Amino acid sequence: GITINVYNWGEYIDSDAVDVNAAFEHLTGIKVNYKEFTDNESLYALLKSGAADYDVVFPSDYMVGKLIREDMLETLDFANIPNFEYIDETLKNPKYDPQNQYSVPYTWGTVGIFYNSKYVDEADLDAGWDLLWNEKYSGKIYMFDNPRDAFGIALKKLGYSMNSENPDEWQAAYEELAKQKPLLQQYVMDQVYDKMISEEGWIAPYYSGDGIIMMDEAEGNPDIRYFVPEQGTNRFVDTMCIPKGSKNKEAAERYINFLCRTEVALANAEYIGYSTPQVEARAQLDPAIGENPNFYPSDDVLAKTEVFLTLPDSINELQDSLWIKLKQ
């Protein structure tokens, strides 16, 4: 007689090889009312408004920090989530949730550069993020159409932290993005798939997990490659959390535990394409994925990554104003 309300990203759970929600319902008798959101900010706005009653949500790293800071999440009872033991130790006790009280990793990945090897010289890759400013490829370059990722890249290009709290560094990042703007074909998000596959453009920063779509031999473009710039990058983590006031907290914890089961995490990893934090599931992946450095980078690459943290309100306001100015 229990129904839990789940709010996840679009196309972010296996409904094919294993219908995960149906399997959970069959196993437990707990019904799943499943809805999808498009970005962290819309998730936050809905939770903040109190207009929705969700039991499990899937915010990204920096949004977890924001929700914790505003006392909008329940502390988890890990006695109901024993499969947490299978989560990669490097993803436990993260900076956005230092004592791992509120979140369990669901997927992760890196941000890097996708490029078409037919048109982009390999020697130019040594420039790292500067490749996105290379005038030789003017009109064939894309950039993220969201401020956190775009400014994060510009900050890294300049040698700064993606979580900088220095207004002068944000201003310098804005100036870099302003210099780049005339070289761009377009600011993009999901449009990047069709545009890169059809070779309308040749260079684009994007999330590693989406490489499966763009580089797929049957449906994508086999000339597309991916690399993580030497300057370092963002390692993003999407998580599972329980909003404050959930009426079905134990059932929600059982759902989170179910998603951490090896066969379920494996099915999700194969369906979604993003990296799994579940170590047993990773070990069972096809080696073409599980041992692919695009999806599971070396320790040396990961050592140069940062997760996005919750920024002070003053920096968020500065970011928003600079982004509006850039897009005018």
Side-chain angles (χ1 to χ4, degrees), residues 8-9 11-24 26-28 56 58 60-61 64 76 78-97 100 103-112 114 206-220 225-228 233-241 253-307:
N8 197 358
W9 298 83
E11 298 295 321
Y12 219 42
I13 196 166
D14 186 16
S15 57
D16 187 10
V18 176
D19 187 333
V20 171
N21 286 328
F24 177 76
H26 178 75
L27 180 70
T28 65
V56 182
F58 291 71
S60 300
D61 34 44
V64 175
L76 300 176
F78 282 90
N80 293 325
I81 314 174
N83 290 329
F84 185 68
E85 69 174 300
Y86 300 118
I87 298 299
D88 189 330
E89 291 295 326
T90 68
L91 292 168
K92 292 180 178 178
N93 303 308
K95 290 184 179 179
Y96 56 85
D97 183 8
N100 235 137
S103 64
V104 173
Y106 180 61
T107 64
W108 65 276
T110 57
V111 171
F114 290 92
Y206 218 62
Y207 312 112
S208 57
D210 296 295
I212 290 178
I213 298 172
M214 285 191 268
M215 297 185 288
D216 181 78
E217 289 188 8
E219 300 178 10
R225 305 281 186 270
Y226 176 82
F227 76 101
V228 175
T233 191
N234 168 227
R235 182 188 191 183
F236 59 87
V237 184
D238 290 334
T239 75
M240 300 175 280
C241 302
E253 289 163 345
R254 292 185 183 281
Y255 183 77
I256 291 172
N257 187 61
F258 183 73
L259 295 184
C260 294
R261 285 176 65 156
T262 299
E263 66 272 25
V264 176
L266 176 63
N268 277 334
E270 292 174 337
Y271 181 82
I272 300 168
Y274 283 80
S275 305
T276 178
Q278 216 274 20
V279 292
E280 288 195 348
R282 177 186 171 182
Q284 294 182 28
L285 282 169
D286 183 327
I289 300 296
E291 298 175 12
N292 189 322
N294 289 342
F295 308 113
Y296 296 92
S298 69
D299 290 341
D300 289 341
V301 172
L302 292 176
K304 297 179 182 179
T305 62
E306 294 180 87
V307 294

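In this text, all values refer to a predicted model and were calculated from it rather than measured experimentally. Residues: numbered from 1 along the sequence shown.
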Decide yes or no for [X] and [Y]: does some side-chain heavy atom of the first lie under 4.5 Å from some side-chain heavy atom of the second?
X      : Y      : value
Asp19  : Asn21  : yes
Val228 : Arg235 : no
Met215 : Asn294 : yes
Pro94  : Leu91  : no
Thr28  : Tyr255 : no
Pro105 : Ile87  : yes

[X] versus [Y], closest heavy-atom pair with distance:
X      : Y      : value
Trp108 : Pro297 : CH2-CD, 3.7 Å
Ser275 : Tyr296 : CA-OH, 3.5 Å
Glu11  : Tyr271 : OE1-OH, 3.2 Å
Ser208 : Phe295 : O-CE2, 3.3 Å

Nearest-0.5 Å distance, [atom1] of residue [X] to [atom2] of residue [Y]:
X      : Y      : atom1 : atom2 : answer
Lys304 : Asp299 : NZ    : CG    : 13.0 Å
Leu259 : Ile13  : CG    : CD1   : 5.0 Å
Glu263 : Glu280 : CD    : CD    : 10.0 Å
Thr110 : Leu302 : OG1   : CG    : 8.0 Å
Phe258 : Ile81  : CZ    : CD1   : 14.5 Å

For the pair [X] (side chain) and [Y] (backbone), establish whether a donor and an acceptor sit closer than 3.5 Å, ignoring hydrogens and angles.
X      : Y      : result
Asn83  : Asn257 : yes
Thr107 : Thr276 : no
Tyr86  : Thr262 : no
Gln278 : Cys260 : yes
Thr233 : Val111 : yes

Side chain to side chain contact (heavy atoms under 4.5 Å, CB included) between Phe84 and Lys92: does it pass, once the steps are laid out? CA-CA 9 Å; Phe84 185 68; Lys92 292 180 178 178; 3.7 Å; yes

Residues that Val307 engages under side-chain contact (heavy atoms from CB on, under 4.5 Å), provided they are two or more places apart: Asp61, Tyr96, Val237, Leu309

For Arg225, the side-chain contact (heavy atoms from CB on, under 4.5 Å) test, sequence neighbours excluded, returns Tyr115, Ser117

Hey, can you tell me if Phe236 and Tyr274 have their rings parallel, tilted or perpendicular (30° and 60° cut-offs)? perpendicular

Any idea how Tyr106 and Phe58 line up, ring-wise: parallel (<30°), tilted (30 to 60°), or perpendicular (>60°)? perpendicular

Under 3.5 Å side-chain donor-acceptor pair for [X] and [Y]:
X      : Y      : value
Asp14  : Asn268 : no
Ser103 : Asp97  : yes
Ser298 : Asp300 : no

In sequence, state the C-alpha distance, the side-chain angles, and the governing distance for Ser60 and Thr239, and then conclude on side chain to side chain contact (heavy atoms under 4.5 Å, CB included). CA-CA 6 Å; Ser60 300; Thr239 75; over 6 Å; no

Can you confirm whether or not the ring centre of Phe227 sits under 6.0 Å from the ring centre of Phe114?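 They do not qualify: ring centres at least 6.0 Å apart.
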
Counterpart residues, ring-ring contact (aromatic ring centres under 6.0 Å, His included), relative to Tyr206 (two or more places apart): Phe144, Tyr193

